[in-house]
S.K.: 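Dumping the structure here so I can ask a few things about it.
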There are 2 protein chains.
Amino acid sequence: MGMGRPREFDAETALDQAMEVFWRHGYEGATIAQLTEAMGINPPSLYACFGNKEGLLKAALDRYTKLRGVWMDEVVAAATAREVAERMLMGIADKQTDPANPPGCLLVQGGIACGTGSENVPFELAARRAQNEDQLRDRFVRAKAEGDLKETADPAALARYVSAVAVGMGVMASSGADREALRQVASVAVQAVAAQSKRA
Amino acid sequence: MGMGRPREFDAETALDQAMEVFWRHGYEGATIAQLTEAMGINPPSLYACFGNKEGLLKAALDRYTKLRGVWMDEVVAAATAREVAERMLMGIADKQTDPANPPGCLLVQGGIACGTGSENVPFELAARRAQNEDQLRDRFVRAKAEGDLKETADPAALARYVSAVAVGMGVMASSGADREALRQVASVAVQAVAAQSKRA
DNA sequence: CCACATCTGTAGTGAACACTACATATCTGG
DNA sequence: CCAGATATGTAGTGTTCACTACAGATGTGG
């Protein structure tokens, strides 16, 4: 039995293009026509490879978080909680205003609220954001154990805080905030983490 | 010349219902059928009164920011920059988890990214968020002039920061964060403003 | 070179969408 | 009580949407 005709496009390259469309227009705002054109394929190829529109989104999110994960590992590798927050938020200020990508963050732009029938899209995005938050929290737990953070510090609250600022910066970036404006926000935000550190 | 048949519904009451639908599903996710049902009217009444779907959104945003404006005035009436931030963020933690409304903030849930043809919806939301930020900035400018904030403090950056945290909290609320979690975020965030105050 | 399996492009499918034509109803001014 | 003006409910309109049937193309195993 033969193995069939091989696909003529590269799935990851196509996903990068789909990612950009979802990033710019959101899940509901992105049309199959836009997606297939950006990906350089026809609808049947899309559906054969990714199942349906939501499957394509999930695949794009997987790719996004995979690429992002490499960077997050570098972030949490910083020596102190303060430096973790600084790397994270300053890096995000740069990333979210990188002209190579649409502004903001796919995990927010993808779709915070959706219509009936797409309810689990926001849920899916939230789950990915929660992963980042968990990674931060674990890092802050360690910082507290190491005596880097004060005894009174709440690692989970700090992680939620840094996550919230990151999301807020993303929304600002998507509505036109420039890099310098985001860096200023990041700079202020880091002070709150510093306030929870023993060596201010 | 007569003045025609009077409308049988109250525009503001209907707007409150429309607001809730946009809030929960976003601009693109909300359908005319859902809106008219929630408003208790038929499509022709909606179009006669608000022009089109986008006109209805703008009217709903006007109402939202009007109601919100009353509260914002109370926020900036606080004595110090630190207290302004505290009232704002703690109040937002409560508002965004008020079961009387959908979770989060309409100015974010309404539509951060939209499809071709609705490009100015995100722009419209951003403009309303910017109003809040401007109000905060003016208040922080005053705080600096009064010697409440340090000489080195940047009122515009602080206002952007508080705005960003508020937006981030809204996204978290919409994805299930409870009131206590948001209050913890607010609590940490306020420390950054306190760090810019003379009397910590 | 043939049976089989998978991909690709063309050209649609039904459903849902925002929006509206039209007849009817209810008001005001004279 | 009539003429003009505006609102309402019914029942659509054309368009766009996500998705697919189908036929032809291109591969593998025997």
Side-chain angles (χ1 to χ4, degrees), chain A residues 1-15 17-19 21-22 24-61 110-111 113-122 124, chain B residues 1-15 17-19 21-22 24-60 110-111 113-121 124:
Chain A
M1 32 182 165
M3 288 177 60
R5 177 175 175 176
R7 86 163 43 107
E8 293 181 0
F9 64 95
D10 176 59
E12 293 202 332
T13 305
L15 267 184
Q17 307 305 318
M19 222 172 68
V21 176
F22 283 132
R24 199 172 296 278
H25 296 293
Y27 176 74
E28 296 191 310
T31 70
I32 297 292
Q34 285 174 326
L35 289 164
T36 51
E37 184 183 355
M39 298 166 84
I41 61 177
N42 293 106
S45 299
L46 190 160
Y47 285 90
C49 191
F50 302 105
N52 56 17
K53 191 182 177 185
E54 194 172 327
L56 176 61
L57 175 71
K58 285 185 190 172
L61 292 178
C114 278
T116 310
S118 306
E119 290 93 348
N120 51 337
V121 167
E124 201 69 41
Chain B
M1 34 183 164
M3 288 177 59
R5 175 175 175 177
R7 84 164 45 107
E8 295 180 359
F9 64 95
D10 177 58
E12 293 202 332
T13 305
L15 267 184
Q17 307 306 317
M19 222 173 68
V21 176
F22 283 132
R24 198 173 297 278
H25 297 293
Y27 176 74
E28 296 190 311
T31 70
I32 298 292
Q34 286 174 326
L35 290 164
T36 52
E37 184 183 354
M39 298 166 86
I41 61 178
N42 290 321
S45 299
L46 190 160
Y47 285 91
C49 190
F50 302 105
N52 56 18
K53 190 182 177 183
E54 194 172 327
L56 175 61
L57 175 71
K58 286 184 188 172
C114 277
T116 309
S118 307
E119 290 93 350
N120 50 338
V121 166
E124 201 67 42

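Note on naming: letters A, B, ... go to the chains in the order of the sequence lines (proteins, then strands), and numbering restarts at 1 for each one. Treat the numbers as computed from the prediction; the structure is a model and nothing was measured.
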S.K.: Within the structure provided, determine whether A/Y27 and A/K53 are in side-chain contact (heavy-atom separation under 4.5 Å).
M.R.: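 A side-chain contact exists here, since the closest heavy-atom pair is under 4.5 Å.
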S.K.: Using whole Å, report how far CE of B/M3 lies from P of D/dA7.
M.R.: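 Spelled out: CE on B/M3 to P on D/dA7 is 10 Å.
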S.K.: So what is the 5' to 3' dot-bracket string for DNA chain C, if pairs are Watson-Crick or G-U wobble with both distances under 3.5 Å, crossing pairs use [ ] and | means the partner sits on another strand?
M.R.: ||||||||||||||||||||||||||||||
S.K.: Can you tell me the distance, in whole Å, between the CE atom of B/M39 and the P atom of C/dA18?
M.R.: 13 Å
S.K.: Counting C-beta onward and ignoring hydrogens, is there a side-chain heavy-atom pair between B/E54 and B/N120 closer than 4.5 Å?
M.R.: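 Answer yes - side chains close enough.
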S.K.: Using atom CZ of A/F50 as one end and atom C1' of D/dT20 as the other, report the distance to the nearest whole Å.
M.R.: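 Result: 18 Å.
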S.K.: If I compare all heavy atoms of A/A18 with all of A/L56, which pair ends up nearest, and what's the gap?
M.R.: CB-CD1, 4.0 Å
S.K.: Rounded to whole Å, how long is the line connecting atom CD1 of B/I41 with atom P of D/dT6?
M.R.: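 Distance, rounded to whole Å: 18 Å.
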S.K.: Treating A/Q34 as the side-chain partner and A/V21 as the backbone partner, does any N or O pair qualify as donor plus acceptor under 3.5 Å?
M.R.: no
S.K.: Within less than 4.0 Å of OP1 or OP2 of C/dT8, is there a side-chain N or O belonging to A/S45?
M.R.: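 Yes, such a contact exists.
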S.K.: Looking only at heavy atoms, which two atoms of B/F22 and B/L57 are closest? And how far apart?
M.R.: CE1-CA, 3.6 Å
S.K.: When you check every protein heavy atom under 4.0 Å of nucleotides 10-16 of chain D, what one-letter string (B, S, -) results, 5' to 3'?
M.R.: B------
S.K.: In terms of the nearest nucleotide of DNA chain D, which residue is placed more toward the 5' end: A/P6 or B/L46?
M.R.: B/L46
S.K.: From CG of A/L35 over to P of D/dC19, roughly how many Å is that when rounded to an integer?
M.R.: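 These atoms are roughly 11 Å apart.
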S.K.: Tell me, do A/T116 and A/E119 make a side-chain contact under 4.5 Å, heavy atoms counted?
M.R.: yes
S.K.: Are any non-hydrogen side-chain atoms of B/F50 and B/M39 less than 4.5 angstrom apart?
M.R.: yes
S.K.: Can you check nucleotides 23-25 of chain D for protein contacts, nitrogen or oxygen pairs under 3.5 Å, and list what you find?
M.R.:
residue	atom	partner	partner atom	Å
D/dA25	N3	A/R5	NH1	3.2

S.K.: Taking all non-hydrogen atoms of both residues into account, name the closest pair between B/G26 and A/A113 and its distance.
M.R.: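 Distance-wise, the nearest heavy atoms are N-CB, 3.8 Å.
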S.K.: The side chain of A/F9 is closest to which nucleotide in this list: C/dT8, D/dA18, C/dG29?
M.R.: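 Of the candidates, C/dT8 comes closest.
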S.K.: What distance separates A/E124 CD from A/S118 OG, expressed to the nearest 0.5 Å?
M.R.: 12.0 Å
S.K.: Considering just the side-chain nitrogens and oxygens of A/Y47, establish if one lies under 4.0 Å of OP1 or OP2 belonging to D/dC19.
M.R.: yes
S.K.: Can you find a pair of side-chain heavy atoms, one from B/D10 and one from B/L15, that are under 4.5 Å apart?
M.R.: no
S.K.: Given 3.5 Å as the limit, does a donor-acceptor pair link the side chain of B/E28 with the main chain of B/G115, or not?
M.R.: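 At least one qualifying donor-acceptor pair exists.
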S.K.: Mind checking salt bridge (Lys or Arg N to Asp or Glu O under 4.0 Å) for B/R7 and listing every partner two or more places apart, or none if nothing turns up?
M.R.: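 B/R7 satisfies salt bridge (Lys or Arg N to Asp or Glu O under 4.0 Å) with no other residue.
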S.K.: Determine which pairs satisfy side-chain hydrogen bond (donor to acceptor under 3.5 Å, both in side chains) with at least one residue from residues 37-52 of chain B, sequence neighbours left out, and list them in order.
M.R.: none
S.K.: Considering only heavy atoms, which members of residues 52-59 of chain A lie under 4.0 Å from some atom of DNA chain C?
M.R.: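 Those residues: none at all.
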S.K.: Between A/G4 and A/E8, which residue's closest nucleotide on DNA chain C lies nearer the 5′ terminus?
M.R.: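 Its nucleotide being nearer the 5' end, the pick is A/G4.
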